[in-house]
A.B. asks: 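After the C-alpha coordinates below, expect a handful of questions from me.
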2 protein chains.
Amino acid sequence: MSASTVVNLRSTKAPLRAVDISKVTFTDCPVRDLISQIGGKWSVLLLEALAQRPYRFGELRRMVPDISQRMLTQTLRELQRDGYIGREVFPTKPPSVEYRMTDLGYSLYEPLAQLLNWAEANQEAVRVARAHFDQSQD
Amino acid sequence: MSASTVVNLRSTKAPLRAVDISKVTFTDCPVRDLISQIGGKWSVLLLEALAQRPYRFGELRRMVPDISQRMLTQTLRELQRDGYIGREVFPTKPPSVEYRMTDLGYSLYEPLAQLLNWAEANQEAVRVARAHFDQSQD
DNA sequence: CAGCATCCTGTTTGATACTG
DNA sequence: CAGTATCAAACAGGATGCTG
(Lines give C-alpha, C1' and ligand atoms only; values in the text may rest on other atoms or scores of the structure.)
Protein backbone atom coordinates (compact mmCIF):
# COMPACT_ATOMS: atom_id res chain seq x y z
CA MET A 1 0.00 0.00 0.00
CA SER A 2 1.80 3.04 -1.25
CA ALA A 3 1.41 6.58 -0.08
CA SER A 4 -0.66 7.35 -3.12
CA THR A 5 -3.36 4.92 -2.10
CA VAL A 6 -5.42 7.61 -0.50
CA VAL A 7 -4.68 10.34 -2.96
CA ASN A 8 -2.54 11.07 -5.92
CA LEU A 9 0.53 12.72 -4.47
CA ARG A 10 1.69 13.93 -7.82
CA SER A 11 1.61 17.67 -7.69
CA THR A 12 0.86 19.88 -10.60
CA LYS A 13 2.32 22.95 -12.16
CA ALA A 14 -1.14 24.44 -12.25
CA PRO A 15 -1.80 27.50 -10.09
CA LEU A 16 -3.47 26.69 -6.82
CA ARG A 17 -6.52 28.82 -7.27
CA ALA A 18 -8.59 29.88 -10.22
CA VAL A 19 -7.75 33.24 -11.67
CA ASP A 20 -9.94 33.54 -14.71
CA ILE A 21 -12.87 31.51 -13.54
CA SER A 22 -14.00 30.52 -17.02
CA LYS A 23 -10.65 29.32 -18.21
CA VAL A 24 -9.75 26.88 -15.51
CA THR A 25 -9.69 23.24 -16.37
CA PHE A 26 -10.04 20.53 -13.79
CA THR A 27 -6.61 19.77 -12.40
CA ASP A 28 -5.51 16.17 -12.37
CA CYS A 29 -5.83 15.88 -8.61
CA PRO A 30 -9.30 16.36 -7.13
CA VAL A 31 -7.84 16.82 -3.68
CA ARG A 32 -5.61 19.66 -4.76
CA ASP A 33 -8.58 21.07 -6.54
CA LEU A 34 -10.89 21.05 -3.54
CA ILE A 35 -8.26 22.34 -1.17
CA SER A 36 -7.43 25.21 -3.46
CA GLN A 37 -11.07 26.21 -3.54
CA ILE A 38 -11.80 25.72 0.15
CA GLY A 39 -8.47 27.23 1.07
CA GLY A 40 -9.54 30.64 -0.17
CA LYS A 41 -10.01 33.31 2.40
CA TRP A 42 -13.81 33.40 2.23
CA SER A 43 -15.17 30.12 0.84
CA VAL A 44 -15.62 28.32 4.12
CA LEU A 45 -17.20 31.34 5.75
CA LEU A 46 -19.79 31.57 2.98
CA LEU A 47 -20.44 27.84 2.97
CA GLU A 48 -21.08 27.97 6.69
CA ALA A 49 -23.51 30.81 6.29
CA LEU A 50 -25.39 29.16 3.44
CA ALA A 51 -25.48 25.82 5.23
CA GLN A 52 -27.85 27.48 7.69
CA ARG A 53 -30.31 28.91 5.19
CA PRO A 54 -30.42 30.83 1.89
CA TYR A 55 -29.20 34.40 1.94
CA ARG A 56 -29.23 37.34 -0.38
CA PHE A 57 -26.09 39.07 -1.59
CA GLY A 58 -26.47 42.01 0.74
CA GLU A 59 -27.22 39.79 3.71
CA LEU A 60 -24.04 37.82 3.17
CA ARG A 61 -22.18 41.06 2.93
CA ARG A 62 -23.46 42.17 6.29
CA MET A 63 -22.70 38.78 7.85
CA VAL A 64 -19.07 38.99 6.76
CA PRO A 65 -18.42 42.68 7.25
CA ASP A 66 -14.88 42.89 5.98
CA ILE A 67 -15.25 40.99 2.75
CA SER A 68 -14.97 43.23 -0.28
CA GLN A 69 -17.76 43.29 -2.81
CA ARG A 70 -15.30 42.00 -5.34
CA MET A 71 -14.34 38.94 -3.33
CA LEU A 72 -17.92 38.23 -2.31
CA THR A 73 -18.99 38.12 -5.94
CA GLN A 74 -15.96 36.13 -7.01
CA THR A 75 -16.18 33.54 -4.25
CA LEU A 76 -19.91 33.04 -4.77
CA ARG A 77 -19.28 32.50 -8.49
CA GLU A 78 -16.62 29.90 -7.80
CA LEU A 79 -18.86 28.05 -5.38
CA GLN A 80 -21.67 28.22 -7.89
CA ARG A 81 -19.46 26.97 -10.69
CA ASP A 82 -18.40 23.97 -8.64
CA GLY A 83 -22.05 23.21 -7.97
CA TYR A 84 -22.01 23.84 -4.23
CA ILE A 85 -24.47 26.71 -4.25
CA GLY A 86 -27.27 27.89 -6.53
CA ARG A 87 -28.10 31.45 -7.54
CA GLU A 88 -31.63 32.69 -8.13
CA VAL A 89 -32.50 36.14 -9.43
CA PHE A 90 -35.82 37.62 -8.41
CA PRO A 91 -37.07 40.14 -10.99
CA THR A 92 -37.98 42.74 -8.41
CA LYS A 93 -37.02 46.35 -8.76
CA PRO A 94 -34.28 46.73 -7.83
CA PRO A 95 -33.40 43.08 -8.39
CA SER A 96 -32.57 40.77 -5.51
CA VAL A 97 -30.43 37.65 -5.78
CA GLU A 98 -30.63 34.70 -3.47
CA TYR A 99 -27.95 32.10 -2.92
CA ARG A 100 -28.71 28.69 -1.48
CA MET A 101 -26.78 25.51 -0.91
CA THR A 102 -27.32 22.65 -3.35
CA ASP A 103 -27.48 18.97 -2.47
CA LEU A 104 -23.88 18.63 -3.59
CA GLY A 105 -23.01 21.54 -1.33
CA TYR A 106 -24.69 19.92 1.64
CA SER A 107 -22.89 16.66 0.96
CA LEU A 108 -19.60 18.55 0.94
CA TYR A 109 -20.55 20.39 4.07
CA GLU A 110 -20.87 17.20 6.09
CA PRO A 111 -17.20 16.20 6.13
CA LEU A 112 -16.22 19.85 6.05
CA ALA A 113 -18.19 20.58 9.20
CA GLN A 114 -16.48 17.65 10.90
CA LEU A 115 -13.14 19.20 10.10
CA LEU A 116 -14.25 22.59 11.38
CA ASN A 117 -15.54 20.99 14.55
CA TRP A 118 -12.13 19.43 15.01
CA ALA A 119 -10.57 22.85 14.65
CA GLU A 120 -12.71 24.23 17.43
CA ALA A 121 -12.34 21.22 19.68
CA ASN A 122 -8.57 21.22 19.36
CA GLN A 123 -7.75 24.88 19.19
CA GLU A 124 -6.33 24.77 22.68
CA ALA A 125 -4.04 21.86 21.84
CA VAL A 126 -2.74 23.75 18.84
CA ARG A 127 -2.24 26.88 20.87
CA VAL A 128 -0.20 24.93 23.38
CA ALA A 129 1.85 23.27 20.65
CA ARG A 130 2.66 26.65 19.16
CA ALA A 131 3.64 28.17 22.46
CA HIS A 132 5.89 25.21 23.15
CA PHE A 133 7.48 25.38 19.71
CA ASP A 134 8.08 29.13 19.91
CA GLN A 135 9.62 28.71 23.36
CA SER A 136 12.03 26.02 22.25
CA GLN A 137 13.18 28.17 19.35
CA ASP A 138 14.19 31.03 21.72
CA MET B 1 -29.89 29.05 16.31
CA SER B 2 -27.93 31.73 14.60
CA ALA B 3 -25.47 31.32 11.80
CA SER B 4 -22.63 31.65 14.25
CA THR B 5 -23.68 28.60 16.19
CA VAL B 6 -21.32 26.38 14.28
CA VAL B 7 -18.48 28.82 13.96
CA ASN B 8 -17.62 32.37 14.62
CA LEU B 9 -18.38 34.16 11.39
CA ARG B 10 -16.52 37.25 12.38
CA SER B 11 -13.70 37.65 9.95
CA THR B 12 -10.38 39.10 10.86
CA LYS B 13 -8.00 41.63 9.45
CA ALA B 14 -5.16 39.22 10.06
CA PRO B 15 -3.31 37.89 7.02
CA LEU B 16 -4.51 34.51 5.86
CA ARG B 17 -1.25 32.68 6.25
CA ALA B 18 1.68 33.03 8.54
CA VAL B 19 4.60 35.01 7.20
CA ASP B 20 7.07 35.14 10.01
CA ILE B 21 6.37 31.82 11.63
CA SER B 22 7.51 32.86 15.08
CA LYS B 23 5.55 36.08 15.22
CA VAL B 24 2.10 34.85 14.47
CA THR B 25 -0.41 34.80 17.26
CA PHE B 26 -3.42 32.60 17.23
CA THR B 27 -6.13 34.35 15.29
CA ASP B 28 -9.47 34.77 16.98
CA CYS B 29 -11.15 32.14 14.83
CA PRO B 30 -9.76 28.60 15.03
CA VAL B 31 -11.53 27.69 11.81
CA ARG B 32 -9.88 30.47 9.87
CA ASP B 33 -6.66 29.42 11.44
CA LEU B 34 -6.88 25.78 10.42
CA ILE B 35 -8.09 26.57 6.92
CA SER B 36 -5.27 28.99 6.36
CA GLN B 37 -2.77 26.35 7.38
CA ILE B 38 -4.04 23.36 5.45
CA GLY B 39 -5.15 25.62 2.62
CA GLY B 40 -1.51 26.08 1.75
CA LYS B 41 -0.27 24.54 -1.41
CA TRP B 42 1.66 21.69 0.19
CA SER B 43 0.34 21.00 3.71
CA VAL B 44 -2.27 18.43 2.79
CA LEU B 45 0.12 16.61 0.51
CA LEU B 46 2.67 16.29 3.29
CA LEU B 47 0.06 15.28 5.86
CA GLU B 48 -1.11 12.53 3.55
CA ALA B 49 2.39 11.25 3.10
CA LEU B 50 3.20 11.31 6.81
CA ALA B 51 -0.13 9.69 7.68
CA GLN B 52 1.21 6.57 6.00
CA ARG B 53 4.51 6.35 7.83
CA PRO B 54 7.45 8.50 8.91
CA TYR B 55 9.64 9.89 6.17
CA ARG B 56 12.92 11.68 5.91
CA PHE B 57 13.35 15.07 4.36
CA GLY B 58 14.80 13.76 1.14
CA GLU B 59 12.15 11.07 0.84
CA LEU B 60 9.39 13.63 1.11
CA ARG B 61 11.15 15.67 -1.51
CA ARG B 62 11.16 12.77 -3.92
CA MET B 63 7.50 12.00 -3.19
CA VAL B 64 6.47 15.53 -4.09
CA PRO B 65 8.83 16.21 -6.96
CA ASP B 66 7.93 19.79 -7.71
CA ILE B 67 8.01 21.21 -4.21
CA SER B 68 10.92 23.53 -3.71
CA GLN B 69 13.35 22.86 -0.90
CA ARG B 70 12.32 26.17 0.56
CA MET B 71 8.61 25.33 0.70
CA LEU B 72 9.24 21.81 1.96
CA THR B 73 11.21 23.16 4.89
CA GLN B 74 8.75 25.94 5.57
CA THR B 75 5.65 23.76 5.41
CA LEU B 76 7.19 21.09 7.61
CA ARG B 77 8.06 23.77 10.17
CA GLU B 78 4.51 25.07 10.20
CA LEU B 79 3.07 21.61 10.65
CA GLN B 80 5.56 20.95 13.41
CA ARG B 81 4.75 24.22 15.11
CA ASP B 82 1.06 23.41 15.14
CA GLY B 83 1.87 20.05 16.71
CA TYR B 84 0.75 17.89 13.79
CA ILE B 85 4.13 16.37 13.08
CA GLY B 86 7.31 15.72 15.04
CA ARG B 87 10.89 16.12 13.90
CA GLU B 88 13.74 13.89 14.99
CA VAL B 89 17.37 14.43 14.11
CA PHE B 90 19.64 11.41 13.90
CA PRO B 91 23.27 12.33 14.58
CA THR B 92 24.60 10.38 11.65
CA LYS B 93 27.11 11.80 9.25
CA PRO B 94 25.74 13.43 7.21
CA PRO B 95 22.75 14.00 9.48
CA SER B 96 19.34 12.60 8.66
CA VAL B 97 16.05 14.01 9.87
CA GLU B 98 12.85 12.09 10.20
CA TYR B 99 9.38 13.52 10.32
CA ARG B 100 6.46 11.62 11.77
CA MET B 101 2.86 12.37 12.54
CA THR B 102 1.91 13.04 16.14
CA ASP B 103 -1.26 11.90 17.88
CA LEU B 104 -2.70 15.35 17.33
CA GLY B 105 -1.80 15.05 13.67
CA TYR B 106 -3.56 11.70 13.38
CA SER B 107 -6.63 13.09 15.09
CA LEU B 108 -6.68 15.91 12.56
CA TYR B 109 -6.14 13.51 9.74
CA GLU B 110 -9.33 11.60 10.49
CA PRO B 111 -11.82 14.31 9.53
CA LEU B 112 -9.38 15.62 6.94
CA ALA B 113 -9.23 12.25 5.21
CA GLN B 114 -13.03 12.18 5.12
CA LEU B 115 -13.02 15.48 3.31
CA LEU B 116 -10.40 14.26 0.86
CA ASN B 117 -12.38 11.11 0.25
CA TRP B 118 -15.36 13.27 -0.53
CA ALA B 119 -13.28 15.17 -3.06
CA GLU B 120 -12.36 11.99 -4.86
CA ALA B 121 -15.82 10.47 -4.67
CA ASN B 122 -17.44 13.60 -6.05
CA GLN B 123 -14.89 14.84 -8.51
CA GLU B 124 -17.08 13.79 -11.41
CA ALA B 125 -20.07 15.71 -10.02
CA VAL B 126 -17.94 18.81 -9.72
CA ARG B 127 -16.57 18.37 -13.19
CA VAL B 128 -20.10 18.16 -14.55
CA ALA B 129 -21.19 21.20 -12.57
CA ARG B 130 -18.31 23.20 -13.98
CA ALA B 131 -18.94 22.14 -17.54
CA HIS B 132 -22.59 23.08 -17.15
CA PHE B 133 -21.75 26.44 -15.63
CA ASP B 134 -19.17 27.27 -18.29
CA GLN B 135 -21.65 26.29 -20.99
CA SER B 136 -24.38 28.52 -19.65
CA GLN B 137 -21.99 31.44 -19.52
CA ASP B 138 -21.33 31.14 -23.30
C1' DC C 1 -29.52 45.98 -5.13
C1' DA C 2 -26.12 43.42 -7.07
C1' DG C 3 -22.92 43.54 -9.51
C1' DC C 4 -18.44 44.66 -13.09
C1' DA C 5 -13.83 46.89 -14.58
C1' DT C 6 -9.59 48.79 -13.31
C1' DC C 7 -5.78 49.61 -10.76
C1' DC C 8 -2.79 48.54 -7.04
C1' DT C 9 -0.64 46.20 -2.97
C1' DG C 10 1.16 42.58 0.14
C1' DT C 11 1.76 37.72 0.48
C1' DT C 12 2.99 33.34 -1.22
C1' DT C 13 5.83 30.75 -3.93
C1' DG C 14 9.75 29.55 -6.95
C1' DA C 15 14.84 29.76 -8.48
C1' DT C 16 19.23 29.90 -7.30
C1' DA C 17 23.30 29.88 -4.61
C1' DC C 18 25.55 28.69 -0.38
C1' DT C 19 26.53 25.91 4.40
C1' DG C 20 27.33 22.73 8.78
C1' DC D 1 21.74 15.34 3.86
C1' DA D 2 19.11 18.89 5.32
C1' DG D 3 18.85 22.82 5.48
C1' DT D 4 19.44 28.77 5.12
C1' DA D 5 19.53 33.24 2.55
C1' DT D 6 18.41 36.20 -1.12
C1' DC D 7 16.10 37.69 -5.03
C1' DA D 8 12.33 37.68 -8.43
C1' DA D 9 7.77 36.26 -10.07
C1' DA D 10 3.05 35.07 -9.63
C1' DC D 11 -1.06 35.49 -7.37
C1' DA D 12 -4.88 36.68 -4.15
C1' DG D 13 -7.13 40.16 -2.40
C1' DG D 14 -8.45 45.25 -1.47
C1' DA D 15 -9.98 50.05 -3.00
C1' DT D 16 -12.42 52.71 -5.90
C1' DG D 17 -15.57 54.19 -9.42
C1' DC D 18 -19.25 53.00 -12.58
C1' DT D 19 -23.81 50.45 -14.24
C1' DG D 20 -28.55 48.05 -15.32
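Bear in mind the structure is a predicted one, so any value in this text is a computation, not a measurement. To find a chain, count down the sequence lines: A is the first, B the second, and so on, and within it residues start at 1.
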A.B. asks: Could you check how far CH2 of B:W42 sits from P of C:dT13, rounded to whole Å?
C.D. replies: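 Distance check: B:W42 CH2 to C:dT13 P gives 9 Å.
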A.B. asks: Quick test of your reading: applying salt bridge (Lys or Arg N to Asp or Glu O under 4.0 Å), list the pairs with at least one residue in residues 97-114 of chain A, sequence neighbours left out, ordered by first then second residue.
C.D. replies: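 Every salt bridge (Lys or Arg N to Asp or Glu O under 4.0 Å) pair that includes a residue of residues 97-114 of chain A, provided the two are not neighbours, is A:E98-A:R100.
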A.B. asks: Side chain of A:W118, backbone of B:S107: donor and acceptor closer than 3.5 Å?
C.D. replies: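 Yes; at least one donor-acceptor contact below 3.5 Å.
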A.B. asks: From CE of B:M71 over to P of D:dA9, roughly how many Å is that when rounded to an integer?
C.D. replies: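 About 18 Å, once rounded to whole Å.
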A.B. asks: In whole angstroms, how far is the C1' atom of C:dA2 from the CG atom of A:L60?
C.D. replies: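 So the two atoms are 12 Å apart, to the nearest Å.
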A.B. asks: Are the charged groups of B:R127 and A:D33 less than 4.0 angstrom apart, N to O?
C.D. replies: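 So B:R127 does not pair with A:D33 through a salt bridge.
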A.B. asks: For the pair made of CD1 in B:I67 and C1' in C:dT12, what is the distance, rounded to whole Å?
C.D. replies: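 It works out to 13 Å between those atoms.
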A.B. asks: Run the numbers on A:R77 and A:D82 for salt bridge (charged side-chain N to carboxylate O under 4.0 Å, His left out), then give the verdict.
C.D. replies: CA-CA 9 Å; A:R77 282 290 178 290; A:D82 284 358; over 6 Å; no
A.B. asks: May I ask you to decide if B:Y84's main-chain N or O and B:T102's side chain share a donor-acceptor pair within less than 3.5 Å?
C.D. replies: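 Looks like yes, one N/O pair under 3.5 Å.
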A.B. asks: What is the separation between atom CD1 on B:I35 and atom P on C:dT12, rounded to the nearest whole Å?
C.D. replies: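 Checked: the CD1 to P distance equals 16 Å.
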A.B. asks: Would you say the side-chain atoms of A:E59 pair up with the backbone N or O of A:R56, donor to acceptor, closer than 3.5 Å?
C.D. replies: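 Yes, because the side chain of A:E59 sits within donor-acceptor range (under 3.5 Å) of the backbone of A:R56.
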A.B. asks: Listing time: all N or O pairs from protein to nucleotides 1-3 of chain D that are below 3.5 Å?
C.D. replies:
| residue | atom | partner | partner atom | Å |
| --- | --- | --- | --- | --- |
| D:dA2 | OP1 | B:R56 | NE | 3.0 |
| D:dA2 | OP1 | B:V97 | N | 3.1 |
| D:dA2 | OP2 | B:G58 | N | 2.8 |
| D:dG3 | OP1 | B:R77 | NH2 | 3.3 |
| D:dG3 | OP1 | B:R87 | NE | 3.4 |
| D:dG3 | OP1 | B:R87 | NH2 | 2.5 |
| D:dG3 | OP2 | B:Y99 | OH | 2.6 |
| D:dG3 | N7 | B:Q69 | OE1 | 3.1 |
| D:dG3 | N7 | B:Q69 | NE2 | 2.6 |
| D:dG3 | O6 | B:Q69 | OE1 | 3.1 |

A.B. asks: If I take atom CG in residue B:L72 and atom P in nucleotide C:dT13, what distance separates them, rounded to the nearest angstrom?
C.D. replies: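 Checked: the CG to P distance equals 13 Å.
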A.B. asks: Whether B:K41 contacts D:dC11 is assessed here as follows: a side-chain N or O lying under 4.0 Å from the phosphate OP1 or OP2. Is that the case?
C.D. replies: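 Result: no.
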A.B. asks: Round to the nearest Å and state the distance from B:R61 atom CZ to D:dT4 atom C1'.
C.D. replies: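 Distance check: B:R61 CZ to D:dT4 C1' gives 13 Å.
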A.B. asks: Please report the distance, rounded to the nearest Å, between CD in B:E78 and C1' in C:dT13.
C.D. replies: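 Value for this atom pair: 12 Å.
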